[in-house]
There are 2 protein chains.
Amino acid sequence: MGDSKIRNMEEFAAKSGVSRPTVSKYFNDPGSVRPATRTRIEEALKQYDYRPNIYAINQNRRLTKTIGIVVPYLADPFFAEIARNLENRCLDAGFSPSLFSSHGRPELENDILDNLRSMRPAGVLLAPLGRASDKTTLEKFCADIPTVLFDSNIDGIGSAFIGMDNGQSITMLVDYLHRTGEPPCFFEIRNAANPNANKRRIAYLNAMAQFRLRPQVISVDGAGWDFEDTGYGEGKKVIAAKTFATNTVLCSNDRLAIGLLSAAFELGISVGHDPANAMRIAGHDDHPFARFTCPPLTTVAQDYAAISDRSVETLFTMIDGGETPKTRSETLFDGTLVMRASA
Amino acid sequence: MGDSKIRNMEEFAAKSGVSRPTVSKYFNDPGSVRPATRTRIEEALKQYDYRPNIYAINQNRRLTKTIGIVVPYLADPFFAEIARNLENRCLDAGFSPSLFSSHGRPELENDILDNLRSMRPAGVLLAPLGRASDKTTLEKFCADIPTVLFDSNIDGIGSAFIGMDNGQSITMLVDYLHRTGEPPCFFEIRNAANPNANKRRIAYLNAMAQFRLRPQVISVDGAGWDFEDTGYGEGKKVIAAKTFATNTVLCSNDRLAIGLLSAAFELGISVGHDPANAMRIAGHDDHPFARFTCPPLTTVAQDYAAISDRSVETLFTMIDGGETPKTRSETLFDGTLVMRASA
DNA sequence: CTAAAATATTTGCGCGCGTAAAGTTTTTAT
DNA sequence: ATAAAAACTTTACGCGCGCAAATATTTTAG
C-alpha cells in the first residue's frame, strides 16, 4: 500500500526510476511503452498509489476521455436502464461516462449542454426532451461536439440517431391484437413531448388503414413525466364514459398502460387476453416493470442492448474518425412482440 | 451573441475593461465586486459568451464546487427519485452535482470512490451498497472527503447518516395490520445486501413480541437487485406451498411486494383489504409505482424530501464548518402510513 | 474636504501535466 | 556485427487560472 504521499508525476517518476514524459505516455496508453519500463512503473504504482491529476490532464489534452450521457428523465426506469447499459459500455472502452438527467426541464437540458461543452467531452450520447427541447441550443452543441442522438429523434440534430422502428412495432402489435380479438383503440397523451408518441399515433393510423379497420385515437391531457398518473386519472374518465369503441386498447407506452390498468382495476373491469375478460390492454417498450403488472402487460420490447451498443459504437467510430460524418445516419431497430396476459 | 471567440480570462478581462484577478473574483462570487464593476463584466459577458475553464479552475482551487452523489442502483426508481431531489438541491446551492451508480457491484463502488477522490469534491452524498460494500475503502474515503451517508447506514462510516426509522415504521405497520385483520407474516430476501432489511426484520420481531403475537419470518433466496423478480418467483412457491401462517404478508420493501402481488394474481388469489379477499399484502417505502399496482399497495412512505433536504444540509454545514464533526450523527425520519387497497 | 476604509489593479509565482525537439540508449533486423 | 528503428531521457514551453502582496484608486465617514 501507499507509503509516503506522492504529490505529482515528477515525484512518482523519480520513485519509479523512469522519466516523467515516459510515465505520462504510460498513463495515456500503457501498451505504448516497453514491457520492461511498464513493469517498473507498475511496480512503483503498487507501492505508492499515485493517480495523475485529472484536471491537469484535461486542461492540457485537446480532447478529454469523458463521454457525456444525457437522458430526459432518469426517474423513468426505461432511461435508467438504458443509461446503465451506456455507462458500462463506455467504461469498458476506457472512457469515463458522466451522467446527466434533464428531469423533464428544458432550461436544465440547456444548462447541462452548456456545462458539457465546457467539459470538452470526447463525445455525447443524448436523448433529448423532444418537442420541449431548445433546438437552437441543440444544434449549436452538436456542431461543436460529436453527438449521437438516441431514443428521441429530432430532424437534423446530431450526426446519427439510434432508436426503434415505431412503424414496425406498432403495425405488429395492431396486427396481433386484430388477429386475436377486437381491433385496438389508441390511447395517448395529447401533445406529448416525446417525438415517438407522434410516430406511434401515425403508425397506428396507417396500420389500421392497412387492415381496413376503423381507427379511434383517444388523446388525453397530461403534463410532465408522470405518465402512470395521467394514464390512471384520464383512463378512469375515459373508461367511465365508455369512450373506447372496442374492448381493446393500445397504449402509446407502457407507463400509460400501467396507469390504465390501475384505472380499470379500480373500476372493477377485468383485463386480460382471455375472452372472459371485459377489456384488453397493450403497451409499448417492455418497461422493466411490465412483467409484474396484474395482469402482466402485453407489449413490444425495445432492444435495450442493441440500442445501447449501436449508440456507443457509432459515437466511437465518430471519435476515432476524427471528424463528423457528412451524412446523418438513422438506425432503427425492430421491436419484439411480448405476449403476456393483458392482451 | 458571441462575436469573436475569447480564449481565456486574460482576453475576456481586456474586453470588459477589468483586470483579470477581478474577473476571477467575480466568477468566484459575483457579489464580491463593486456593482459598477459587476455591471461592466456582465455587459461583456452578454457580448462574448465566455466561461472560465473548469479544469484550470479545479486544478488551482484547493476545493472544487463538485458534490458527488453515489447510489447503489439507479435503475431502482426509489434511488432515481432521491437522486433527483439531491441534484436539484445541490444545483440550487451553486454546486455541480456529479451522479454515479454502483449498479449493485462492489468493485464499481470502489472505482467510483477512487475516481471521486481524485476529483477533490467539496463533499459526497453516499448511499452505499451495504453488506457488499468494501468497508476499508469506504473508511479511507470518508477520512479524506466530507461524506454524508444516506439510506443505508454502516456503523462508523461517514460523518453523518440520514435515513428512516425502520423501528417506527414497521411497528406502525404491524400495529395497523394487526388491528384490521390477521397479524402479518414477514416476507424478505435472505442475506439481503441492504442493511435496512435486517433492521426491518428485527423491528418486525420486536413489534410482534410487543403485541404478544407469534411472528413468522419467511426468508427467500435472491441475488442482485431484481427484487420484483425474486418476490414473484419465490412468492409463487411460498404461496403454492401455503407456507404463510396467516393471510397477511408484510414485505420487506415495495419492490418485493410488487413481485408478490404479481405471483398472487397469477395463482388466482385475490388480494385486498376487504375481507372478501383471500390475502393482504403490504410493502414498505412507498415506491413511486406503489400507487399503481393492482390493487394499490398499502405501505409506509419514506419522506424523500426530508431525507434529501437533511442530507444536503448536513453536508453543507460540514463543508462550511471546514472540518468533519467530532461525533457521528444519525438522523432518522418517521415513515407515514399509506393505506391503500392491498391491506 | 480630508482621512480612513473598501475595492481594483499590477505583478508574478505556481498548480500538474501534455507535448515537442534534440540527443541518447536499447532493441530489432539484416 | 552493424545499421536502422524504436524507445527512452532531457530540456523546455505552455495551458488557464488561483492566489498573494504591493500599489493605486474609489468610496464612505467624519
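Here is how names work: the chains are called A, B, and so on, in the same order as the sequence lines, proteins then strands, and each is numbered from 1.
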Options [options], nucleotide nearest the side-chain atoms of [X]:
X: Q59(A); options: dG16(D), dC19(D), dC8(D); result: dG16(D)
X: P21(A); options: dA7(D), dT11(D), dA20(D); result: dT11(D)
X: V18(B); options: dT9(C), dG18(D), dC15(C); result: dT9(C)
X: A56(A); options: dG18(C), dG16(C), dT11(D); result: dG16(C)

**OP:** Name the residue closer to the 5' end of DNA chain C, choosing between K25(B) and N8(A) according to the nucleotide with the nearest heavy atom.
**Re:** K25(B)

Original post:
Is R38(A) salt-bridged to E42(A), cutoff N-O under 4.0 Å?
Top reply: yes

For [N], does OP1 or OP2 lie under 4.0 Å from any side-chain N or O of [X]?
X: T37(A); N: dC8(D); result: yes
X: S19(A); N: dC8(D); result: no
X: Y26(A); N: dA7(D); result: no

Please state how far atom [atom1] in [X] lies from atom [atom2] in [N], giving the value in whole angstrom units.
X: R61(B); N: dA20(D); atom1: CZ; atom2: P; answer: 13 Å
X: M9(B); N: dT9(C); atom1: CE; atom2: P; answer: 13 Å
X: F27(B); N: dC19(D); atom1: CZ; atom2: P; answer: 15 Å
X: I41(B); N: dT7(C); atom1: CD1; atom2: P; answer: 14 Å
X: Y55(A); N: dG14(D); atom1: OH; atom2: C1'; answer: 22 Å
X: I54(B); N: dC15(D); atom1: CD1; atom2: P; answer: 19 Å
X: I57(B); N: dG16(C); atom1: CD1; atom2: P; answer: 17 Å
X: N60(B); N: dG18(D); atom1: CG; atom2: C1'; answer: 5 Å

Original post:
Looking at T147(B), L108(B), L138(B), which hits side-chain contact (heavy atoms from CB on, under 4.5 Å) with L113(B)?
Top reply: L138(B)

**OP:** Just call it for S24(B): base, sugar-phosphate, or nothing, with non-hydrogen atoms closer than 4.0 Å on any strand.
**Re:**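 Counting heavy atoms under 4.0 Å across all strands, the contact made by S24(B) is with sugar-phosphate only.
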
**OP:** Could you tell me whether F12(B) contacts a base, only the sugar-phosphate backbone, or nothing, with contacts defined as non-hydrogen atoms closer than 4.0 Å?
**Re:** nothing

Original post:
Closest nucleotide of DNA chain D for S32(A) versus for R20(A): which of these residues is on the 5' side?
Top reply: S32(A)

Original post:
When rounded to the nearest 0.5 angstrom, what distance separates CD in E81(B) from CG in L74(B)?
Top reply: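 Between atom CD of E81(B) and atom CG of L74(B) there are 11.5 Å.
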
**OP:** Indicate the ring-plane relationship of Y73(B) and W225(B), choosing parallel, tilted or perpendicular according to the 30° and 60° boundaries.
**Re:** parallel

Original post:
Under 3.5 Å, side chain of D49(A) to main-chain N/O of L45(A), donor-acceptor pair present?
Top reply: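 Looks like no, no N/O pair under 3.5 Å.
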
